[in-house]
Amino acid sequence: MAKVAAPEELKGDREVVIEAVTQHGRALRFASEELKHDREVVIEAVRQNGGALWSASEALKRDREVVVEAVRQNGDALP
């Protein structure tokens with residue numbers, strides 16, 4: 001997948017990022033570090049694409065609910 005250049009303010013805009021990850025879960029990798037720590041944003045991303053778990057914060061990669069949602073969507077989602 002090609003890199004997407006997005007203005008930094010959009011990468012940190014929670015509403016924009018939630019909309020993006022709801023459509024393409026892997027868009028989480030372009031989100032700000034702060035939003036990669038946002039549990040709701042990450043859950044939305046992994047529900048759409050379990051592989052988005054790879055872009056989540058380390059803490060959320062260990063969050064049971066987040067991991068279960070990711071694996072539910074994609075059995076190969078575990079980092």
Side-chain angles (χ1 to χ4, degrees):
M1 179 180 275
K3 279 195 159 194
V4 175
E8 288 303 313
E9 63 269 9
L10 293 181
K11 292 178 180 183
D13 185 310
R14 193 170 189 276
E15 288 182 36
V16 170
V17 172
I18 286 179
E19 182 65 30
V21 300
T22 300
Q23 294 178 31
H24 304 285
R26 293 287 225 155
L28 181 63
R29 67 184 175 161
F30 301 111
S32 68
E33 288 304 311
E34 178 182 341
L35 292 177
K36 290 177 183 179
H37 285 82
D38 185 310
R39 194 166 186 272
E40 182 182 350
V41 170
V42 173
I43 286 176
E44 287 299 322
V46 299
R47 282 182 178 156
Q48 199 287 320
N49 184 321
L53 184 62
W54 287 77
S55 297
S57 69
E58 291 302 315
L60 290 178
K61 287 178 184 176
R62 294 185 303 271
D63 181 291
R64 179 175 173 77
E65 183 181 356
V66 172
V67 172
V68 167
E69 287 295 332
V71 172
R72 185 175 290 148
Q73 196 286 321
N74 178 346
D76 293 328
L78 295 177

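FYI, the numbering just counts along the sequence from 1.
Nearest heavy atoms, G50 versus A77: O-CB, 3.3 Å. For the residue pair Q48 and G25, the shortest heavy atom distance occurs at OE1-N, 2.5 Å. Considering all non-hydrogen atoms of both residues, A56 and K61 come closest at O-CE, 3.2 Å.
Qualifying side-chain hydrogen bond (donor to acceptor under 3.5 Å, both in side chains) partners for E34, counting only residues two or more places apart in sequence or in other chains: none. For the side-chain hydrogen bond (donor to acceptor under 3.5 Å, both in side chains) test, no residue two or more places apart in sequence or in another chain qualifies with D13. Q73 meets the side-chain hydrogen bond (donor to acceptor under 3.5 Å, both in side chains) test with no other residue; sequence neighbours excluded. Under the side chain to side chain contact (heavy atoms under 4.5 Å, CB included) criterion, R14 pairs with I18, L35, D38, E40, V41, not counting sequence neighbours. Looking at residues two or more places apart in sequence or on another chain, you find a salt bridge (charged side-chain N to carboxylate O under 4.0 Å, His left out) between E33 and K36. For R62, the side chain to side chain contact (heavy atoms under 4.5 Å, CB included) criterion is met by E58, A59, not counting sequence neighbours. Taking R72 as the reference, E69 meet the side-chain hydrogen bond (donor to acceptor under 3.5 Å, both in side chains) condition, with sequence neighbours excluded.
Residues V17 and K11 fail the side-chain proximity criterion, which asks for heavy atoms closer than 4.5 Å. Between L60 and R39, some side-chain heavy-atom pair lies under the 4.5 Å cut-off.
Atom-to-atom distance recorded for H37:NE2 and S57:OG is 4.0 Å, nearest 0.5 angstrom. Between the CG atom in L53 and the CG atom in D76 there is a gap of 12.5 Å [rounded to 0.5 Å].
Side chains of Q23 and E19: a donor-acceptor N/O pair is present below 3.5 angstrom, by distance only.
Side chain of R26 to backbone of G51: a donor-acceptor contact under 3.5 angstrom is found.
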